[in-house]
Amino acid sequence: MKVKINVNQQIKVFECEAGDFLLETLRENNYLSVRRGCDTTSCGVCTVLLDGKPVPSCSLLTVKADGHEITTVEGIQAEAEKLGKHFGDEGADQCGYCNPSLALTVYAMKSELVNPTIDDIKEYLVGNLCRCTGYIAQERAILSYLGDKS
Amino acid sequence: MVASEYLRPKDFEEAYNLMIESKKNYLVAGGAWLKLSVKSAEKLISLDGLDLDKIQVNTDYIEIGSMVTLRTVEINNDIKNLYGGILSNAIHKIMGINIRNLATLGGSVMGKFAFSDIFPALLVLNTKLVFYKQGEICLEDFLANPKMAKDILTKIIIKKEPGEGFFKKVAITPLDFSVLNIAVSKNKEGFKISVGSTPYIAKLATNAMSYINNLSKITETEILKCSEMVVEELKFSKNNRGSKEYRVEIAKVYVKRGLKKVIANES
Amino acid sequence: MKVVNTKVHSVDGLGIMKGRPAYTDDLAEKNSLIIKVMRSPHPYARIISIDDSEAKELIGVEMVLTYKDFPRVPFTRAGQGYPEPSPYDKFVLDEYVRHVGDEVLAVVAIDAKTCERALALIKVEYEVLEPILDLENAIDNKVIIHPEEEIHEKFPIGFEPKRNIAASYHMHIGDVEKTLKECDYVINETFYTQAQAHVMLEPHTVNARMDYQERLVIYSSTQTPYHMRRIISQALSIPISKIRFIKPRVGGGFGGKQQIHGEMFVAYVTYTTGKPAKMVYTRKEVFESTFSRHPMKMDVTLGADKSGKLRAIDFHVLSDTGAYGEHALTVFMVVGSKVLPLYNKVDSVKFHGDVVYTNHTPAGAFRGYGAVQGNFGLESAIDMLCEKMGVDPIKFRQVNMIKEMETSPIFSIMGEGTEGTAMDMETCKLEECVSRGMELIDWKNKYPRVDLGDKVKSVGMAIAMQGSGIPFIDMGSATIKLNDNGFYNLLIGATDIGQGSDTVLAQIAAEVLMTTVDKVIVYSSDTDITPFDCGAYASSTTYISGNAVLRAATKMKEAIVDEAARILESKPEEINYDGIIFSSKSGKSITLVDLSNEITYNHMQKQLSVTSSYVGHKSPPPFMAGFVEIDIDKETGEVDIVDYVSVVDCGTTINPLLAEGQVNGAIVQGLGMALYEDVKYTKTGKLISNSLINYKIPTRVDIKKLTTEFVDSYEKSGPFGAKSVGEIGIDTPPAALANAVYNALGIRIKKLPITPEKILLALKEKENK
């Protein structure tokens, strides 16, 4: 079947089968920043934005995204660069596998939460696992990013 | 997942007929649980076009369409204000934001997961389910009936009324299924107490409720006795996440804390 | 120092955050054949027959590989220096399957769906055998897990497969029995540590293609590209010169990628068919069919006298290496060699035991590598001894722990698989780590506990050491070349798996060359282009590879000064260089940029390029003191980690932010192991914890505060004074937590993980007595 999805502000037509999930469809179409971390919708690594909201692309049927907007990190490069600079300042980069999906979720969080406390932020991001950093440097970087009005 | 077709029925009758046509035809709500449980399907039936994704608030009821995402329910103001936010709190504890943006309240209810955090909260509220063919069914009956005929859940209706609520999820990490979940509510008619993931699906502790609702005076002693009655009447067992002993101990503790909390909040 | 010990941004973080293709599967050929492995449903079985005829008929199926397709050449999958201290007990495919998830056969097809359809058509008949599922029943069990004739050890490691022993070891100094008789206080306790899964977020992935020189080019998510190349060459009889092994960006390893995973199949398929092929592990395969931490049973006996002196240690260990023996001996030895020297002043010490085969998922390398298991046993036992003696556990440690310029006879006796290397602790700031840590956590006001009503607050601590590479075995090297326009390429074999070695090594080079990190372009881990490096393990990269980079950069600086001297008609010793301009006494000068352009294009052209290597002569340990503050709910046993204080002596921190990240990341993994991570099996040997639904790792909500500091320390033998920092962080949390729980509630948990259930039920039992 064919689906029409607005990916990063570009209308794309993808070939897919009824039971395909968006993660595979995106990767086959060279959106390589969207990656797989697990089999059970448990890690957050495959997160993309569906109409601006974070969803697990491994569990979203490609056909369900028909007619909707999908954002991958390729679509928020300026924000990702900003967040990346804060990550660099705080030494929060390690293996980076969780980073693009985290950037998307943080970006969505920025628009959704008003004056969040540190606990609000942690709870919003709880579904984005990280095994390398121990989270503390990421937290510092995200707080700086949220406060960065440039 | 291997599936032959994805269909977008225009009305409930079409969707219903496709559903009952074959055991390998599945309704697709969010799709999150479907991905985990179904390896191969024949027809996938979309519920997207059936106008099930709205929350309607009347004077007496909040009507939640079955396709409303968990996140949308969680942040809805009327839900947040209901019984101290008990349902919002319960939903907030489910996995991460990305799953809650995909999973629907209807999908979560129909899944009838024993570990589900929404059932204790919904049980201590006044909750009815509305099905396409079978009409209104109260939540307790739905949960107690394993042999319900296949049907399409269209709405979850919760009575709007003043009250206090307490919800606790006990889990190894925030992203884990509950070892135990506990909900307590109090309104002008009295207390409701529900414990779930025991590891069995949530139930109301009706004997314990009856005891505490017939007391003229409630002190520490009565609260303790009530919590003990809860663990006597409900069924507890062990699974990979905890032993029966442990669950019984913490159930008593959190029922006790829940009762105290709703009493304190009321005054 | 201008670059080293400064907060330089990583060289690769920005591009990764922006989503650039970088990881192994991002670089797979689009038309790769897909390989899927059929895995054993039984913990122990013999394959009677395989009927793959229907599968082979399917359109799109390229081949089905069974044990009959491979020569019977045993090897070890462990990524270690050759000859490996692990038994050669694995065949590419075998007639026997030895754990649930073991490889039965492989299907190769044009896409994943065809592979799945083919797998469903293959019928395998098994003779189900009785498995061994308890490490305490393994030795001399009538069931023999490895009866094969061809398997062997490369040198004596105590390999007795007929007794289900993969390795064993015994050492003693002095006479422990005799000393114990003289002790006023003796304790004897048994501890258990569980298997832990790495859960690196990127599952194991590998792909291959033939290039136009008819060479096999493999991209793999690995920690040891050179070892992988060698093992594949040996096992598949492919000339090593025909293999190019590249490690792209890796999404975490922690030891879990220090072994062969899918490379064997992918290499075989591409080499024999000429077509590109790939294998991406599912998370289930990562749990069931790669490796986890060696679970262990430790019997610890300690003896002390009235004066407060620790006199004797007896450490008996039983380690479960699972179905295959990768890293069996070496992890086992580290339980002793990187733990026992902490108390170096004992009169006698004995370390002994066995590593046994069972039909569990194989155990392998995992950060800490035995030191975390040993630390749990020893540091818990020390607190228990102090309790019996009625002495303060910190004062006891301060008297008995190793100090700067001291040594331990264990260093020369115990290496990693072989003899060790004697060394004095030229840097050991344990005293400062302990006192600073006490300050940071406010130990005096919180020890042993503070009652908070429903909850009780307490603190607990442990000290730890690790190592920096394996002396006389691990070798690293670096090539530096000067480009036109005055920038350098730094080519290193060293394997960045997310710990930031690309950045750290660039910093070392930049410091020597008096330039900035952006002028040192790093390319790493490509067996054709980068010089040899053992790989990312044993906390070796900063110390070993760093020293190699230091040497190469020093030689390069000499070379460019020589060129400048020639151009400026002066002598090298009379050239002044500030990193940008060379100037001679006579007032002539030339910039590096101009010099590099001149020697590339204009006059006396040459390519300046130097390569240096380094092998360690010792393994200077990093040290740390770890303190945990917890609030325990007395009625439910739930534990809140309020703060974890780590004070670390790792020598110079080449990059202080990345070093802090290493410690914090390791602490959180250690906390996971301490609190709830648990590889669990059913009674019939199937993994229950084979998905992230059933295996939980710490989330960001679980981690409230981590306080990490580094003490001033300068290890002369390390590059710019650095030791290592990759593993030390993981060692203390289990013991620190066990000690804190004891301080809070008077209950001692000796079997990890320390869950709320264990705490509550132990508390109830104590109250009932």
Side-chain angles (χ1 to χ4, degrees), chain B residues 1-4 32-33 35-37 39-40 92-99 111 113-116 168-182 199 220 223-224 227-228 231 236 238-258 260-261, chain C residues 111-117 119-120 199 283-284 453-455 633-641 668 671-672 675-683 686-704 753-765 767-768:
Chain B
M1 173 165 57
V2 177
S4 318
W33 194 257
K35 174 209 129 107
L36 292 177
S37 52
K39 284 264 135 36
S40 92
H92 187 65
K93 299 273 186 247
I94 296 174
M95 300 303 292
I97 201 103
N98 55 350
I99 292 193
F113 309 122
F115 55 76
S116 171
K168 173 73 183 179
K169 170 178 174 171
V170 182
I172 293 170
T173 75
L175 290 182
D176 201 8
F177 294 155
S178 301
V179 175
L180 201 73
N181 43 37
I182 304 98
E220 183 86 25
I223 289 177
L224 229 58
S227 71
E228 272 156 32
V231 302
F236 290 80
K238 78 168 215 179
N239 70 356
N240 290 319
R241 285 174 170 76
S243 68
K244 176 177 171 175
E245 263 183 288
Y246 180 64
R247 288 187 151 102
V248 165
E249 286 305 315
I250 59 176
K252 282 191 283 189
V253 172
Y254 282 112
V255 166
K256 177 187 78 174
R257 291 182 184 176
K260 285 186 177 169
K261 186 105 198 299
Chain C
D111 58 34
K113 289 196 174 115
T114 310
C115 278
E116 297 291 346
R117 289 213 309 275
L119 282 169
V199 194
R283 181 57 64 181
K284 181 166 183 252
D454 269 350
K455 296 191 179 183
D633 187 320
K634 287 189 277 193
E635 291 187 300
T636 66
E638 287 164 291
V639 177
D640 251 333
I641 307 286
V668 173
L671 285 173
L675 289 163
Y676 39 71
E677 290 187 40
D678 202 358
V679 171
K680 282 206 272 234
Y681 296 87
T682 65
K683 288 199 178 69
K686 289 188 185 3
L687 253 189
I688 296 170
S689 55
N690 63 357
S691 76
L692 285 183
I693 288 185
N694 286 336
Y695 189 92
K696 310 314 285 190
I697 66 170
T699 70
R700 57 187 80 233
V701 168
D702 294 306
I703 304 303
K704 294 188 174 47
I754 299 170
T755 61
E757 174 165 337
K758 279 186 185 156
I759 292 174
L760 187 64
L761 296 182
L763 202 57
K764 294 273 167 216
E765 204 188 304
E767 282 168 12
N768 288 340

Any pair with a residue in residues 169-182 of chain B that passes salt bridge (Lys or Arg N to Asp or Glu O under 4.0 Å), sequence neighbours left out, goes on the list, sorted by first then second residue, please.
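Those involving residues 169-182 of chain B are B:D117-B:K169, B:D176-B:R241, B:D176-C:K696.
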Pick one of side chain, backbone, both or neither for [X], based on which atoms fall under 4.5 Å of a heavy atom in chain B.
X      : answer
C:D678 : neither
C:I693 : both
C:E638 : side chain

Is the number of heavy atoms from other residues, nucleotides or ligands under 6.0 Å of [X] [atom1] greater than 12?
X      : atom1 : answer
C:E765 : CD    : no
C:K704 : NZ    : yes
B:K261 : NZ    : no

Counting N and O atoms only, with roles assigned by atom type, does the side chain of B:E249 sit under 3.5 Å from a partner on the main chain of C:L761, one being a donor and the other an acceptor?
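No; zero donor-acceptor contacts below 3.5 Å.
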Just by distance, do the side chain of B:Y246 and the backbone of C:T636 share a donor-acceptor pair under 3.5 Å?
yes
I'd like to verify something: which residue of B:N240, B:L36, B:V2 has the highest number of heavy-atom pairs under 4.5 Å with chain C?
B:N240
Are C:D702 and B:P174 packed together at the side-chain level, in the sense that at least one heavy-atom pair is separated by less than 4.5 angstrom?
yes
Given heavy-atom pairs under 4.5 angstrom as the criterion, report whether the side chain, backbone, both or neither of B:R257 touches chain C.
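The side chain, not the backbone.
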With a 4.5 angstrom heavy-atom cut-off, which part of B:K256 approaches chain C: side chain, backbone, both or neither?
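Only the side chain of B:K256 comes within 4.5 Å of chain C.
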Can you tell me how far CG of B:L175 sits from OG1 of C:T699, rounded to the nearest 0.5 angstrom?
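Between C:T699 OG1 and B:L175 CG, I get 5.5 Å after rounding to 0.5 Å.
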Pick from [options]: which one has the most heavy-atom pairs with chain B under 4.5 Å?
options                : answer
C:E116, C:K680, C:K764 : C:K764
C:D454, C:L692, C:V701 : C:D454
C:D633, C:I697, C:T755 : C:D633

Using side-chain contact (heavy atoms from CB on, under 4.5 Å), reason through B:I250 and C:L760 one step at a time and then give a plain yes or no.
CA-CA 9 Å; B:I250 59 176; C:L760 187 64; 4.0 Å; yes
Only counting residues at least two apart or in another chain, list the ones meeting ring-ring contact (aromatic ring centres under 6.0 Å, His included) with B:F113.
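Once residues adjacent in sequence are excluded, the partners of B:F113 under the ring-ring contact (aromatic ring centres under 6.0 Å, His included) criterion are B:W33, B:F115.
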So which heavy atom on B:S243 is nearest to which on C:E757, and how close?
OG-OE2, 2.6 Å
